[in-house]
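Have a look at the structure below, then the notes.
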Amino acid sequence: MTKFIVFEGIDGCGKGTQILNAIDLLKDHTTLFVTKEPSTLKTGKLIKRLLKEQDDPKTNAELFTNLYTKDRKEHNKIILKQLNQGHTVICDRYYYSTIAYQQAQGDNIKKILKQSKKFLVPDLTLVIDIPAETAMQRLKARGKKKEKFEKQKFLEELRETYLKMPYYGKILDKNSDRKENIIIIDGNRKPEKVFEQIKEELKKL
Ligand code: TYD
């Protein structure tokens, strides 16, 4: 059976490492299509450019929601095609990022949730949770140029929303057949330990 798996969390949470671990585990069992949002499609590229240009995280919330949604619409077609071809899809970020980031930027959560409902529902969403301070230290250690969302106070707000994601999942599912499967993973441990828990969740699929 093909599955659609999403990894989520604040910048610096360790998604990258855990996605590599998941690929390593799953590649012997299924064919994989690994992807990310913002995507590498036209709108995704525009988003990446804007993120580098702007410094204040609390600006242009609506513009960003619209751009991420447009990118997601295009990207969803690719994901669906891959699933239909029998591939398991791993996606780094999805509409949960819009729920967390664009809400923290100041956009309207009701509107964001309404738009999120229109997209394919993942079979499993893993939210890797770490304290904002730890994330900040990791981002600093990486030493790459700061993007607009990598500020500690903003990361703290994001973390709070991510911890509430199972609750948002229930709102998304309300009065419909869709079914969210959102698991919070404690990412504040050794990477091997974190992956042990992720592995258990993947096995359940
Ligand atoms: P990117 O730099 O590609 O991600 P990463 O830091 O995981 O390599 O992502 C750019 C930023 O986009 C990231 O800080 C989160 C943000 N983002 C949103 O604000 N809303 C969204 O819907 C998505 C998908 C990402």
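Atoms within each ligand, like the ligands themselves, are counted from 1 in listed order. We're numbering straight along the sequence, starting at 1.
- On a distance-only criterion, Glu37 and ligand 1 share no N/O pair closer than 3.5 Å.
- Salt-bridge formation is not detected for the pair Glu196/Lys199: no Lys NZ or Arg NE/NH1/NH2 atom is positioned less than 4.0 Å from an Asp or Glu carboxylate oxygen.
- Applying the 4.0 Å criterion to heavy atoms of Asp11 picks out, from ligand 1, the atoms 6 (O), 13 (C), 14 (O).
- For the side chain to side chain donor-acceptor pair (under 3.5 Å) with Thr88, the qualifying choice from Thr31, Thr30, Asp123 is Thr30, the only one to do so.
- Within 6.0 Å of CD in Glu133 there are 12 or fewer heavy atoms belonging to other residues, nucleotides or ligands.
- Considering backbone and side-chain N/O atoms, Asp92 never comes within less than 3.5 Å of an N/O atom of ligand 1.
- Partners of Tyr94 under the ring-ring contact (aromatic ring centres under 6.0 Å, His included) rule, at least two apart in sequence or in another chain, are Phe4.
- With distances taken over non-hydrogen atoms, the option nearest atom 10 (C) of ligand 1 out of Thr69, Leu51, Leu158, Ile99 is Leu51.
- Contact annotation for Gln105 and ligand 1: no heavy atom of the residue comes within less than 4.0 Å of the ligand.
- Set against the non-hydrogen atoms of Lys15, the atoms of ligand 1 under 4.0 Å away are 7 (O).
- Heavy-atom contacts of Ser97 reach the following atoms of ligand 1: 20 (N), 21 (C), 22 (O), 23 (C), 24 (C), 25 (C) (cutoff under 4.0 Å).
- When the side chain to side chain contact (heavy atoms under 4.5 Å, CB included) test is applied to Thr69, the partners found at least two apart in sequence or on another chain are Thr65, Gln115, Phe119.
- Taking only non-hydrogen atoms, the option from Phe7, Tyr95, Tyr68, Tyr101 nearest to atom 17 (N) of ligand 1 is Tyr68.
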Asp92 and Lys15: CA distance, side-chain angles, deciding distance, salt bridge (charged side-chain N to carboxylate O under 4.0 Å, His left out) verdict: CA-CA 8 Å; Asp92 181 347; Lys15 268 185 298 117; 2.6 Å; yes
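- A donor-acceptor contact under 3.5 angstrom links the side chains of Ser97 and Glu8, judged on distance only.
- Proximity of Thr98 to ligand 1, defined as any heavy-atom pair under 4.0 Å, is shared by backbone and side chain alike.
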